[in-house]
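Here the structure is laid out as structure tokens; the discussion comes afterwards.
Throughout, a chain's letter reflects where its sequence line sits, starting with A, and its residues are numbered from 1.
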Amino acid sequence: MGKRSIHLETKDAIIKFALLDDILNLARANSLWPMTFGLACCAIEMMSTAMAKFDLARFGAEIFRPSPRQADVMIVSGTVTKKMAPLLVTLYEQMPAPKWVIAMGNCAISGGPFLFEDQYNLVEGVDLLVPVDVYVPGCPPRPEALLEGLLKLEEKLTGKRRFPTPEAKW
Amino acid sequence: MVTDILEKLKTTIGAAEISEVSYEERGYHISVAASKETLHNVIKFFDDRKFYFEDMLCVDYKDYLEVVYFFNNYRFLCRVKVTLKVDPANPHVATMSGIFDGAAWYEREIHEFFGVVFDGHPNMGYLFLHDGIEFYPLRKGKVRIPPEDRERLAYFKVDEQEDAFTVNFGPQHPSTHGVLRVVVKMNGEYVEAAEPVLGYLHRMQEKMGENRGFMQFLPNTSRMDYLGPMSFNAAYVSAVEKLCKISVPERANIIRAITIELNRISSHLLWLGAYLADLGGLTPFLYVFDDREQINDILERITGSRLTYCYMRFGGLYNDVDEKFIEGTRAFIARMYDRLKMYDTLVTKNVIFINRTKGIGILDEEGARKYGFSGPVLRSVGVPYDIRKTEPYAAYGRINFDVPIGKSGDVLDRYMVRVHDMEVSMKIIKQSLDMLSDGPYVAEKVPKKMKPVAGDVYQAAESPRGEVGVYIVSDGTDTPYRMHWRVPSFSNLIIFPYLAPGTLIADAISILGSLDLCIPEIDR
Ligand code: SF4
């Protein structure tokens with residue numbers, strides 16, 4: 001786990017149907033099902049995002065599935081320890097493709113506040129284990145930030161941003 | 001009472017090893033330096049006098065290792081520190097898990113982090129660490145884990161037995177509230193044995209305490225218990241204030257109490273939602289988050305964060321409160337009374353809920369003493385023990401409140417105690433708001449870099465889950481020499497393997513949920 005490894009890009013299908021793929025991607029982007037998978041503090045903010053005030057359901061991603069076999073997004077919300085690492089990889093492998101990963105919080109991105117010399121139990125970034133699509137920084141990131149991360153993922157899927165960012169004209 | 005105990009101790013054990021300590025400076029009353037021969041008698045002495053097992057840790061002083069035990073009493077405040085010197089070349093200590101059952105897990109923890117072997121211990125298997133570990137993490141200097149010890153890492157072996165089957169519950173399971181793993185041996189629908197496996201979120205907090213300054217460690221406290229960070233903040237800053245003899249202005253103390261209690265309410269609310277979701281009722285989850293968001297908004301104004309608050313500072317606070325905060329808090333309290341009534345009709349009077357909780361997972365006071373559990377779990381058995389009362393920190397000494405207790409110690413009682421705890425918190429907040437007067441919110445002339453004199457200190461505080469204790473050993477430099485955390489969820493979880501056998505799996509989940517576990521706190 002020490003070195004950064006390179007992951008093969010496996011998400012692109014070999015055979016493509018231009019229009020059908022576009023339609024499928026649009027459908028996928030609008031019904032992303034995250035896995036119920038909380039690791040640490042960030043998970044509480046992930047829960048807040050799903051609740052009434054921030055309402056993840058507005059973007060079609062409110063159906064948290066406890067089983068990886070029914071989920072297509074893994075939101076890694078918290079610190080990944082060396083003891084947890086093999087399990088996280090198993091969970092990822094159990095998810096059916098196409099699948100995506102959001103690294104939520106500094107811990108999942110790089111180890112965050114727990115990175116120090118002589119550390120003995122930290123995976124320094126979940127991208128050492130599984131390919132990550134979107135990084136959401138913060139400790140913890142605000143729910144708005146996670147929503148933005150989700151929109152970024154949608155953008156990655158469809159090539160278009162659902163809500164255009166207004167240009168500053170002032 | 002402390003002098004009584006001291007006298008009796010001197011006659012039974014011998015005066016040479018016993019000294020009285022200033023509680024104001026150190027946080028404990030009596031210090032006993034036991035030897036291998038006397039240790040058993042000393043511990044038996046406190047067991048006979050109905051002391052409860054509070055904490056256990058180890059410190060590496062390079063020349064020798066020191067195992068430290070803390071005992072305290074529910075009836076009168078008398079914290080005792082018992083120490084035992086251990087030779088690092090031959091680190092063997094007799095186990096005391098036969099006297100105080102809760103010590104079993106603490107001994108396992110010390111064994112894996114320091115390499116001390118407890119003779120006579122029923123199971124020295126590793127609790128926290130992963131199997132790639134090479135050195136004892138908390139020893140000073142690199143001390144290799146011997147090969148025969150490494151075999152203990154994979155200690156959990158599923159045995160073959162007809163009719164019985166093993167269910168791996170967690171670490172990714174919605175009912176474990178985080179990354180806890182419990183290996184459950186089942187016979188049909190009934191639990192035969194349950195064995196928690198910890199360490200999936202071990203974030204090396206105690207190690208970090210040793211390699212950064214006092215101030216730098218402060219944000220870690222809020223990551224340790226992200227549901228009730230204010231209490232952990234308070235415990236830590238109070239410990240350092242005690243060590244460095246810093247006094248806190250009145251206003252800061254009152255604001256501390258207000259924010260701690262607001263945080264307590266939000267923590268209990270989250271527990272309420274998550275616990276009822278465990279039992280199958282998903283609706284309350286949405287309601288509690290609505291209330292939680294109100295608290296988050298109030299606290300965000302002054303702390304700048306929604307979850308992992310790092311609000312307290314040595315000698316005061318990071319920020320003063322303003323009129324809007326006070327107004328917002330008052331409005332929240334007024335609203336919360338109505339909401340509690342609603343929860344009452346929604347949940348407490350629900351017959352399914354009562355049937356799922358009444359009469360299961362029963363605890364008693366003797367067990368509490370032996371295992372050392374605390375907080376609402378302890379109060380549900382009818383012991384009105386609350387650090388806010390016995391060792392008032394912040395402004396609690398001047399606030400008038402009752403500690404809610406239960407009667408039968410079952411799951412329903414634990415629920416009721418927490419709900420009443422919220423009411424008590426509201427009462428405390430109201431009183432504190434009335435007491436709030438003008439003044440500085442942070443003490444003057446607090447040094448930027450803390451440099452306490454050499455010595456140790458123990459500070460306890462009441463977190464939403466129970467007694468949190470921080471033990472700091474300082475060697476006179478600007479980083480702590482050793483920092484140990486006594487965390488409530490850890491002591492509360494110890495009881496689960498003893499409660500679960502013989503229950504239905506559905507009840508076991510109900511019992512596990514009723515302990516209100518916060519995993520990062522257990523794993524540290
Ligand atoms: S990034 Fe911060 S809030 Fe998130 S899990 Fe790590 S420590 Fe906790």
Worksheet item: Going from CZ on A:Phe116 to CD on B:Glu210, what distance comes out if it is rounded to the nearest 0.5 angstrom?
Response: 9.5 Å
Practice prompt. For B:Tyr481, look at atom OH and say whether over 12 heavy atoms of other residues, nucleotides or ligands are found less than 6.0 Å away.
Written response: yes
Worksheet item: So, B:His202 versus A:Tyr120, ring centres under 6.0 angstrom or not?
Response: yes
Fill in: Residue part contacting chain B, namely of A:Leu88, when any heavy atom lies under 4.5 Å
neither
Discussion item. For B:Arg203 and A:Leu122: C-alpha separation, side-chain torsions, deciding distance, then whether side chain to side chain contact (heavy atoms under 4.5 Å, CB included) applies.
Written reply: CA-CA 7 Å; B:Arg203 298 195 277 193; A:Leu122 187 76; 5.9 Å; no
Practice prompt. Look at A:Ala52, A:Cys107, A:Gly38, A:Pro140 and state which one has the largest set of heavy-atom pairs under 4.5 Å with chain B.
Written response: A:Pro140
Practice prompt. Sequence neighbours left out, what passes ring pair (Phe, Tyr, Trp, His ring centres under 6.0 Å) with B:Phe114? Give chain and number order.
Written response: none
Worksheet item: Minimum heavy-atom separation for B:Arg212 to A:Pro113, with atom names?
Response: NH1-O, 4.3 Å
Worksheet item: Any salt bridge between B:Lys142 and A:Asp118, counting N to O under 4.0 Å?
Response: yes
Fill in: Among the listed options B:Thr308, B:Asn296, B:Asp225, B:Asp290, the residue most often paired with chain A at heavy-atom distances under 4.5 Å
B:Thr308
Worksheet entry | Whether over 12 other heavy atoms sit under 6.0 Å from A:Arg69 CZ | no
Item to complete: Identify which part of B:Gln205 has an atom lying under 4.5 Å from any heavy atom of chain A, answering side chain, backbone, both or neither.
Response: side chain
Discussion item. With a 4.5 angstrom heavy-atom cut-off, is it the side chain or the backbone of B:Leu307 that approaches chain A, or both, or neither?
Written reply: side chain
Fill in: Residues A:Lys83, B:Ile133; criterion side chain to side chain contact (heavy atoms under 4.5 Å, CB included); working and verdict
CA-CA 10 Å; A:Lys83 196 163 179 175; B:Ile133 199 89; over 6 Å; no
Practice prompt. Output, in order, the C-alpha distance, side-chain angles, deciding distance and verdict of salt bridge (charged side-chain N to carboxylate O under 4.0 Å, His left out) for B:Asp297 and A:Lys53.
Written response: CA-CA 12 Å; B:Asp297 287 349; A:Lys53 187 170 176 187; 3.0 Å; yes
Discussion item. Using heavy-atom distances under 4.5 Å, tell me whether A:Phe54 contacts chain B through its side chain, its backbone, both, or neither.
Written reply: side chain
Worksheet item: Among residues 40-51 of chain A, which ones touch chain B with a heavy-atom distance under 4.5 Å?
Response: A:Ala40, A:Cys41, A:Ile44, A:Glu45, A:Met47, A:Ser48, A:Met51
Fill in: Top contributor to chain A contacts, counting heavy-atom pairs under 4.5 Å, from B:Glu134, B:Lys207, B:Arg292, B:Glu293
B:Glu293
Practice prompt. Sort B:Asn220 into side chain, backbone, both or neither according to what part of it lies under 4.5 angstrom from a heavy atom of chain A.
Written response: side chain
Worksheet item: What closest approach, in Å, do A:Phe114 and B:Met204 show between heavy atoms, and which atom pair accounts for it?
Response: O-CE, 3.8 Å
Practice prompt. Begin from the C-alpha positions of B:Tyr200 and A:Leu87 and carry the test side chain to side chain contact (heavy atoms under 4.5 Å, CB included) through to its verdict.
Written response: CA-CA 10 Å; B:Tyr200 289 98; A:Leu87 298 148; 3.2 Å; yes
Discussion item. With a 4.5 Å cut-off on side-chain heavy atoms, are A:Arg142 and B:Glu300 touching?
Written reply: yes
Worksheet item: Side chain, backbone, both or neither: which part of B:Phe285 has an atom under 4.5 Å from a heavy atom of chain A?
Response: both
